[in-house]
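Notes follow the structure.
None of these values were measured; they are calculated from a predicted model. Lettering follows sequence order; numbering is per chain, from 1.
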There are 2 protein chains.
Amino acid sequence: MEKTKKFLLTEKELPTKWYNIVADMSTKPLPMLHPGTKQAIKVEDLYPLFAKDLAEQEMNQTDEWIDIPEEVREKLKIYRPTPLVRAYNLEKALDTPAHIYFKNESVSPVGSHKLNSALAQAYYCKKEGTTNITTETGAGQWGTALSFAAKAFGLELAVYMVKISYEQKPYRRSLMQTWGAQVIASPSMSTKAGRKIITEHPNYQGSLGTAISEAIELAMSTPNCKYTLGSVLNHVSLHQTIIGLEAEKQMEMAGEYPDVVIGCFGGGSNFSGISFPFMRHNIKEGKKTRFVAAEPASCPKLTRGKFEYDFGDEAGYTPLLPMFTLGHNFAPANIHAGGLRYHGAGTIVSQLMKDGLMEAVDIEQLDSFKAGVLFAQTEGIVPAPESAHAIAAAINEALECKKNGTKKTILFNLSGHGLVDMTAYDQYLAGDLVNHSLSNEDIEKNVKQLEHLV
Amino acid sequence: MEKTKKFLLTEKELPTKWYNIVADMSTKPLPMLHPGTKQAIKVEDLYPLFAKDLAEQEMNQTDEWIDIPEEVREKLKIYRPTPLVRAYNLEKALDTPAHIYFKNESVSPVGSHKLNSALAQAYYCKKEGTTNITTETGAGQWGTALSFAAKAFGLELAVYMVKISYEQKPYRRSLMQTWGAQVIASPSMSTKAGRKIITEHPNYQGSLGTAISEAIELAMSTPNCKYTLGSVLNHVSLHQTIIGLEAEKQMEMAGEYPDVVIGCFGGGSNFSGISFPFMRHNIKEGKKTRFVAAEPASCPKLTRGKFEYDFGDEAGYTPLLPMFTLGHNFAPANIHAGGLRYHGAGTIVSQLMKDGLMEAVDIEQLDSFKAGVLFAQTEGIVPAPESAHAIAAAINEALECKKNGTKKTILFNLSGHGLVDMTAYDQYLAGDLVNHSLSNEDIEKNVKQLEHLV
């Protein structure tokens with residue numbers, strides 16, 4: 001019998017609802033706090049910044065399922081459902097008894113899973129009459145996704161792109177511009193937050209924290225304008241659950257159920273997306289699947305950070321979030337997996353981590369690229385440097401199976417391809433990349449500052 | 001009722017045979033001639049250069065259907081069957097009554113249709129015990145495809161990459177190296193052909209013709225080594241018919257049959273692939289579908305070239321091919337659609353053109369990018385600059401339908417995405433690109449030299 005490599009769903013099988021894990025959590029995440037009053041944020045407090053529907057999704061702790069609007073589903077069909085793929089060639093190269101599956105989010109026209117939430121956010125903004133939206137982007141994946149989404153729903157978009165990425169990743173900038181967005185290198189002179197940091201540090205190369213501050217400031221000071229974020233927040237994770245919901249049906253087609261589910265980890269959006277739908281069976285039916293977040297060793301908030309209230313951005317414009325964090329002014333090494341260079345983890349994931357419902361591993365930069373090259377040479381797809389962290393973690397699990405002679409079913413999320421990140425592979429192949437170690441002192445010093453926040 | 005956007009086939013529906021249109025042509029293509037003797041080439045003459053199975057496919061004029069080896073089908077399943085997509089959003093933007101469909105070959109992990117033939121060629125080389133293969137690449141799409149294919153079947157590969165592309169397209173080079181290929185800028189000092197041209201023209205930026213000469217020379221002078229080519233030849237078109245064979249089933253799923261089939265045109269591989277399976281119904285059942293090759297105005301062999309015997313390469317190493325050509329030393333303008341910068345058309349297409357079974361249009365560079373940006377903003381996918389020529393031709397057909405109030409069904413091949421070609425879009429958006437006109441004198445001068453060849 002012919003072996004099936006790709007498990008495909010039809011457009012009719014595209015999920016009609018997102019899964020809201022908070023409704024099923026016995027311990028809910030702690031509330032976000034207003035940075036001034038230190039009081040729990042109410043949903044109305046979020047309205048000035050976010051579209052109302054998104055603010056409500058952000059605070060929703062009761063509805064397990066939330067309808068995906070028909071208009072969003074229509075746009076999602078441009079690339080969804082995405083394939084679930086059995087990585088036979090990788091299994092063979094590793095000589096492992098494990099079965100390895102990956103969900104291929106790289107088939108999105110923007111090259112990553114980010115479009116899943118971008119389309120939803122753009123839709124809700126448009127629906128309430130917003131004309132302009134702002135956002136920030138580090139590695140550029142969220143910015144490219146939102147650029148197409150904004151165009152698809154007829155919105156004007158301004159993207160603050162971390163300056164070093166703006167210069168090192170001209171293809172990402174071109175992509176955003178091709179889809180019609182305005183792209184500004186951050187720090188910029190267009191906001192107070194930007195001007196302040198440029199004045200104090202004239203050669204500052206930018207950070208995601210600063211870019212967030214700029215995007216929020218522009219949104220707050222522009223009429224009819226809302227801010228959007230590509231990770232960390234609850235409503236982003238909600239939109240990304242479409243990944244795991246599809247994967248659930250597809251694993252059923254394959255006649256298997258995952259023993260381990262793996263996603264790379266920056267702010268948590270793709271990890272949440274692949275994990276939460278499966279995690280609900282752990283919570284509700286006592287399944288024993290393990291959920292593994294693969295974070296970079298140079299930015300290890302889950303494995304070495306502290307659970308504290310912290311800001312989501314550098315300037316402190318956001319509410320205080322209860323999360324595993326390295327401190328909002330933590331400056332991660334300039335690794336190529338730019339999408340994983342964020343100081344904190346989303347509040348849902350942080351609570352799940354605290355409650356032992358998931359685990360985390362850290363991956364060194366060189367190990368991630370070694371895994372990425374092996375994956376490219378076996379399965380054909382050059383993975384995004386971010387996704388290569390998930391691959392490395394999956395390979396470690398598969399090699400453990402080989403050692404122990406156990407036949408586990410491993411599922412990981414291929415969050416995106418690396419075709420726009422080839423400079424990184426070039427440097428890896430030339431031997432120019434290194435690992436970045438962090439001392440405990442470095443981490444403690446940064447986290448210590450948080451003690452006075454709340 | 002929900003509208004279906006993507007028509008998908010299962011892996012079981014992946015074609016098991018390629019379609020050989022030559023068997024159905026009432027006028028067969030003229031024979032290739034040996035450049036020395038001017039006698040018709042025999043299949044044995046091709047054995048030193050090409051794998052035996054490929055040489056036989058090249059000369060096969062009798063078998064309408066040729067089996068796709070199981071090993072090739074297994075590798076094709078990494079990305080095939082590819083989706084057929086109804087371009088609802090583009091139709092809406094054009095306000096046309098036409099139905100526009102495209103076959104999405106951009107989902108291949110190398111980003112284009114080239115992998116369809118690369119996997120077949122690598123397989124046949126491996127099968128007969130070859131250890132090393134060589135090839136050339138201009139824009140880089142064929143080179144990247146063959147790099148993965150060589151790795152997939154365990155072959156060593158050397159790619160001669162046109163020097164100007166080598167320098168302007170570092171991402172393409174990195175991709176080939178990530179998949180394990182050796183990449184050499186052409187002209188190089190590693191061959192006689194390369195040394196000669198470097199000595200005579202020290203600053204020569206290379207051409208596809210020179211790179212072909214180098215790749216052939218290396219193959220001929222290396223033990224256990226074969227040469228491979230990504231377009232022009234009959235066996236390449238044969239392998240690409242998998243595109244049209246899938247599209248045929250998918251159009252049936254959509255309940256439509258194309259009135260017009262469009263492909264961009266360099267050497268002919270993707271045009272042949274999408275067209276030939278449909279053309280057989282014109283030949284055998286009197287269907288009236290039109291087949292339109294979209295070539296760049298700066299390299300117009302089909303619309304303004306001459307049908308003559310000509311070399312496939314610049315140095316004159318190849319057999320003489322009966323084809324529409326601008327002359328083997330025609331130097332096309334440095335447009336961004338590098339894959340379309342080839343002086344001649346394959347012999348099958350040339351014969352079909354001569355016999356009125358197909359037609360051709362030329363597209364200016366600026367029109368191709370305008371179409372590419374509109375496609376990106378509506379359908380999400382940033383097309384390769386080559387594929388943008390097919391989109392421009394499809395848009396012209398759709399606008400004609402709007403003008404005349406006719407409801408045609410248009411099918412075009414999206415041969416690849418442009419994510420590795422963003423420099424081109426950058427320059428277009430900045431207003432830095434121009435059209436390249438060719439005078440009749442330029443063309444006639446070049447073609448005149450061919451009169452003495454045979």
Side-chain angles (χ1 to χ4, degrees), chain A residues 2-12 14 70 73-75 77-81 83 85 88-89 104 106-111 115 148-149 151-152 170-175 177-180 372-373 376-382 417-430, chain B residues 2-12 14 70 73-75 77-81 83 85 88-89 104 106-111 115 148-149 151-152 170-175 177-180 372-373 376-382 417-430:
Chain A
E2 276 190 42
K3 290 187 292 188
T4 304
K5 181 158 176 67
K6 299 185 302 300
F7 298 88
L8 304 175
L9 300 172
T10 64
E11 290 179 4
K12 282 190 184 150
L14 186 72
E70 202 42 53
R73 288 184 81 238
E74 279 311 310
K75 298 294 180 192
K77 286 182 189 169
I78 287 176
Y79 62 103
R80 300 206 78 86
V85 187
Y88 285 113
N89 301 314
N104 187 3
S106 81
V107 299
S108 136
V110 304
L115 194 50
F148 172 60
K151 179 56 73 178
Y171 278 31
R172 285 281 176 196
R173 175 180 49 69
S174 307
L175 274 168
Q177 290 168 337
T178 300
W179 279 310
V373 170
Q377 295 191 348
T378 50
E379 296 295 328
I381 305 166
V382 178
H417 65 62
L419 296 180
V420 194
D421 302 291
M422 291 312 298
T423 312
Y425 281 90
D426 225 17
Q427 293 179 8
Y428 171 70
L429 294 173
Chain B
E2 276 191 41
K3 291 187 293 187
T4 304
K5 179 154 179 72
K6 300 185 303 301
F7 299 88
L8 303 176
L9 300 172
T10 65
E11 291 179 2
K12 283 192 182 147
L14 186 72
E70 202 43 52
R73 288 184 81 240
E74 280 309 312
K75 298 292 180 193
K77 286 181 191 170
I78 288 177
Y79 61 104
R80 301 206 76 85
V85 187
Y88 286 113
N89 301 315
N104 187 2
S106 80
V107 299
S108 135
V110 304
L115 193 51
F148 172 59
K151 178 57 72 179
Y171 278 29
R172 285 279 177 198
R173 174 179 50 69
S174 308
L175 274 169
Q177 290 168 338
T178 299
W179 280 310
V373 169
Q377 295 192 347
T378 50
E379 296 296 328
I381 305 166
V382 177
H417 65 61
L419 295 181
V420 195
D421 302 291
M422 291 312 299
T423 312
Y425 281 90
D426 225 16
Q427 293 179 9
Y428 170 70
L429 293 173

Can you name the residues that form a side chain to side chain donor-acceptor pair (under 3.5 Å) with B:Arg173, not counting sequence neighbours?
-> A:Asp426, B:Gln177
Do the non-hydrogen side-chain atoms of A:Arg80 and B:Lys5 ever get within less than 4.5 Å of each other?
-> no
Contact origin within B:Thr423 toward chain A - heavy atom pairs under 4.5 Å = both
Would you mind checking which part of A:Asp421 comes under 4.5 Å of any heavy atom in chain B, side chain (CB onward), backbone (N, CA, C, O), both or neither?
-> backbone
Can you say whether B:Leu429 sits under 4.5 Å from chain A via the side chain, the backbone, both, or neither, judging by heavy atoms?
-> side chain
Non-hydrogen atoms of chain A under 4.5 Å away: do they reach the side chain of B:Leu8, the backbone, both or neither?
-> side chain
To the nearest 0.5 Å, how far apart are CE in A:Met422 and CZ in B:Arg172?
-> 10.0 Å
Nearest-0.5 Å distance that lies between atom CG in B:Leu14 and atom NZ in B:Lys77 | 7.0 Å
Give the member of B:Pro109, B:Ala149, B:Ser174 that has the highest number of heavy-atom pairs under 4.5 Å with chain A.
-> B:Ser174
Between the main-chain N or O of B:Lys151 and the side-chain N or O of A:Gln377, is there a donor-acceptor pair closer than 3.5 Å?
-> no
Can you tell which part of B:Tyr171 gets under 4.5 Å to a heavy atom of chain A, answering side chain, backbone, both or neither?
-> both
For A:Thr4, enumerate each residue passing the side chain to side chain donor-acceptor pair (under 3.5 Å) test, keeping only those at least two apart in sequence or located in another chain.
-> none
Side chain, backbone, both or neither: which part of B:Val107 has a heavy atom under 4.5 Å from chain A?
-> neither
Name the region of B:Tyr88, side chain, backbone, both or neither, that has any atom closer than 4.5 Å to a heavy atom of chain A.
-> neither
Pick from B:Glu74, B:Arg73, B:Glu70: which one has the most heavy-atom pairs with chain A under 4.5 Å?
-> B:Arg73
